[in-house]
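Accompanying notes for the structure given below.
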Amino acid sequence: MTSFVRSITSPKKFICGHGLLAHLNEHIQSFGDNAYVICDEFILERAKNEAGDSIAAAGNKATFEKFNYECTKEEIERHRDLARKAGANIIVGIGGGKTLDTAKATAYYEKLPVVIFPTLASTDAPCTALSVIYKKDGSFDEYLFLPSNPDIVLADTGILAAAPARFFAAGIGDALATYFEARACYAANGDNLVLMKPSTTGLGIAKMCYEALLQHAVKAQRAVEQKVYTRAVEETIEATIYLSGVGAESGGLAAAHAIHNGMTAVPSLHRAQHGEKVTFGLLAQLVLENAPLDELETVIKLVKDVGLPLTLEDLGCTEFIESEWRQVAEAACAAGDTMGNMPFPVEPEDVYNAIVTANAIAKTYK
């Protein structure tokens, strides 16, 4: 009997609550007493005041440095050098995905613990053992696969709820695909994001993510639109950041993210958020699977209720150019992408047909 190595990977700690920034020291002090903090520009002064006071009051040290907009090898090297000069023994990242990826990479190369403090709930990236590295011109360079997940992820509901509501909705869209992709990958015995086989636990966490979104996401989105946080916001943040991150990494991705990757080459969609494109990729995956109508309608209702784009036109595609979308289908089926985790063979023609059909179905629910 063939033996497969299955995995479940996650951050050591995930903490979700209000006011975490002002109490940063109590969450990081067991890992280090001299923090090097990489911050997005918009939150730098607040972090110095709130987190800095927390660290100083305990007699510990902190150095705050602004993130320079792009997660490049050069930016990582700059932070490595500054962290060494500061004598840091822990790295903290406060900001959006690229800031957090830079913190993860800096900590990896310096062999230091890392604490991740997201300011957007737009993707599940904070929990993953991965940094996406870009070139100076903003184009993709490479994936840096890390040997371990962050030591702590701190999700401050007050900060995350105050971000633009579109980002919160995009996080719901990204998380919405988690269960359906993990389900497909598990059925195919495909590879998860750490290149092992999906675990039952990973699939179970992915399903919990979906169930939490059905229960809480719409209520949470209405609260975030009013710039307030509620219990539903907390439950949704746990789903979009932790359950989705662990569910995707341990359960695996499939067609939805592969189609998203193909869609990144469509110029008219460049303003669409990652989670918005993943949402449409999920609709196309459900068409590929010939999912039951009630399942498809449940997904579409949630997409509409949280205000996510439903059709390609909603995403910014003002003109459907067949050749362009056939290229998307080809790219989605590229060797090594996650389309290979579907439990049946998928050809570019199948993907193109699913995209056209998913868009036509979405239009009937507008």
Side-chain angles (χ1 to χ4, degrees), residues 10-28 40 43 46-47 50-51 54 92-97 99-100 115-128 149-179 201-202 204-250 273-275 278-279 301-303 305-308:
S10 72
K12 290 185 177 74
K13 293 183 180 180
F14 175 81
I15 298 169
C16 182
H18 183 62
L20 298 182
L21 187 63
H23 298 279
L24 184 65
N25 186 73
E26 66 187 67
H27 298 295
I28 71 172
D40 271 359
I43 202 169
R46 181 177 174 183
E50 295 186 23
S54 165
V92 180
I94 303 177
T99 306
L100 304 182
V115 174
I116 295 300
F117 196 111
T119 53
L120 296 173
S122 56
T123 73
D124 54 24
C127 287
T128 61
N149 301 72
D151 293 278
I152 312 176
V153 176
L154 298 169
D156 189 316
T157 52
I159 291 173
L160 295 171
R166 181 186 176 188
F167 292 116
F168 195 84
I172 293 170
D174 191 31
L176 184 57
T178 304
Y179 168 60
T201 303
I205 288 174
K207 188 173 184 182
M208 284 177 64
C209 177
Y210 179 53
E211 291 169 348
L213 294 177
L214 291 179
Q215 180 67 25
H216 304 291
V218 177
K219 295 178 289 182
Q221 186 67 26
R222 296 293 91 81
V224 169
E225 287 166 0
Q226 303 304 314
K227 306 289 187 188
V228 299
Y229 61 92
T230 61
R231 180 64 186 276
V233 171
E234 291 181 359
E235 297 280 1
T236 303
I237 287 170
E238 183 175 336
T240 58
I241 295 180
Y242 183 79
L243 296 177
S244 178
V246 177
E249 192 166 67
S250 302
Q273 292 287 313
H274 169 86
V278 169
T279 300
K301 184 177 188 306
L302 183 58
V303 170
D305 287 350
V306 299
L308 279 162

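Keep in mind it's a predicted model, so treat the numbers as computed, not measured.
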Minimum heavy-atom distance [X]-[Y], with the two atoms named:
{"X": "V233", "Y": "A161", "value": "CG1-CB, 4.4 Å"}
{"X": "G93", "Y": "L100", "value": "O-CD2, 3.3 Å"}
{"X": "V278", "Y": "G173", "value": "CG1-O, 4.1 Å"}
{"X": "T240", "Y": "G171", "value": "CG2-O, 3.6 Å"}
{"X": "A239", "Y": "A212", "value": "CB-CB, 3.9 Å"}
{"X": "A47", "Y": "I94", "value": "CB-CD1, 4.1 Å"}

Verify, without hydrogens or angle tests, whether [X] (side chain) and [Y] (backbone) share a donor-acceptor contact under 3.5 angstrom.
{"X": "T178", "Y": "A175", "value": "yes"}
{"X": "S54", "Y": "E50", "value": "no"}
{"X": "S122", "Y": "F167", "value": "no"}
{"X": "K227", "Y": "A162", "value": "yes"}
{"X": "D156", "Y": "L20", "value": "yes"}
{"X": "Q221", "Y": "A165", "value": "yes"}

K207, NZ atom: more than 12 neighbouring heavy atoms under 6.0 Å: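 No - once you tally the heavy atoms of other residues, nucleotides and ligands closer than 6.0 Å, there are 12 at most.
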Let me confirm one number: the [atom1]-[atom2] distance from [X] to [Y], rounded to the nearest 0.5 Å.
{"X": "T123", "Y": "D174", "atom1": "OG1", "atom2": "CG", "result": "6.0 Å"}
{"X": "T157", "Y": "H18", "atom1": "OG1", "atom2": "NE2", "result": "6.0 Å"}
{"X": "T230", "Y": "R222", "atom1": "OG1", "atom2": "CZ", "result": "12.0 Å"}
{"X": "F117", "Y": "I28", "atom1": "CZ", "atom2": "CD1", "result": "11.0 Å"}
{"X": "L243", "Y": "E238", "atom1": "CG", "atom2": "CD", "result": "5.5 Å"}
{"X": "H216", "Y": "E234", "atom1": "NE2", "atom2": "CD", "result": "11.0 Å"}

Looking at side-chain heavy atoms only, is the closest gap between [X] and [Y] below 4.5 Å?
{"X": "T236", "Y": "F168", "result": "yes"}
{"X": "V115", "Y": "P150", "result": "no"}
{"X": "R166", "Y": "Q273", "result": "yes"}
{"X": "I15", "Y": "I152", "result": "yes"}
{"X": "T201", "Y": "S250", "result": "no"}

Can L21 and L154 be said to form a side chain to side chain contact (heavy atoms under 4.5 Å, CB included), step by step? CA-CA 9 Å; L21 187 63; L154 298 169; over 6 Å; no
Is a donor from one side chain sitting under 3.5 angstrom from an acceptor on the other, for S10 and N149?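 Side-chain D/A pair, S10 to N149: absent.
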If you measure only the distance, is there a donor-acceptor pair under 3.5 Å linking the side chains of D124 and S244?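 Short answer, yes.
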Could you go through I43 and I159, starting from their C-alpha distance and side-chain angles, then the distance that decides it, and tell me whether this counts as side chain to side chain contact (heavy atoms under 4.5 Å, CB included)? CA-CA 10 Å; I43 202 169; I159 291 173; 4.1 Å; yes
Which class fits the ring pair F14 and Y242: parallel under 30°, tilted 30 to 60°, perpendicular over 60°?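 It falls in the tilted class, 30° to 60°.
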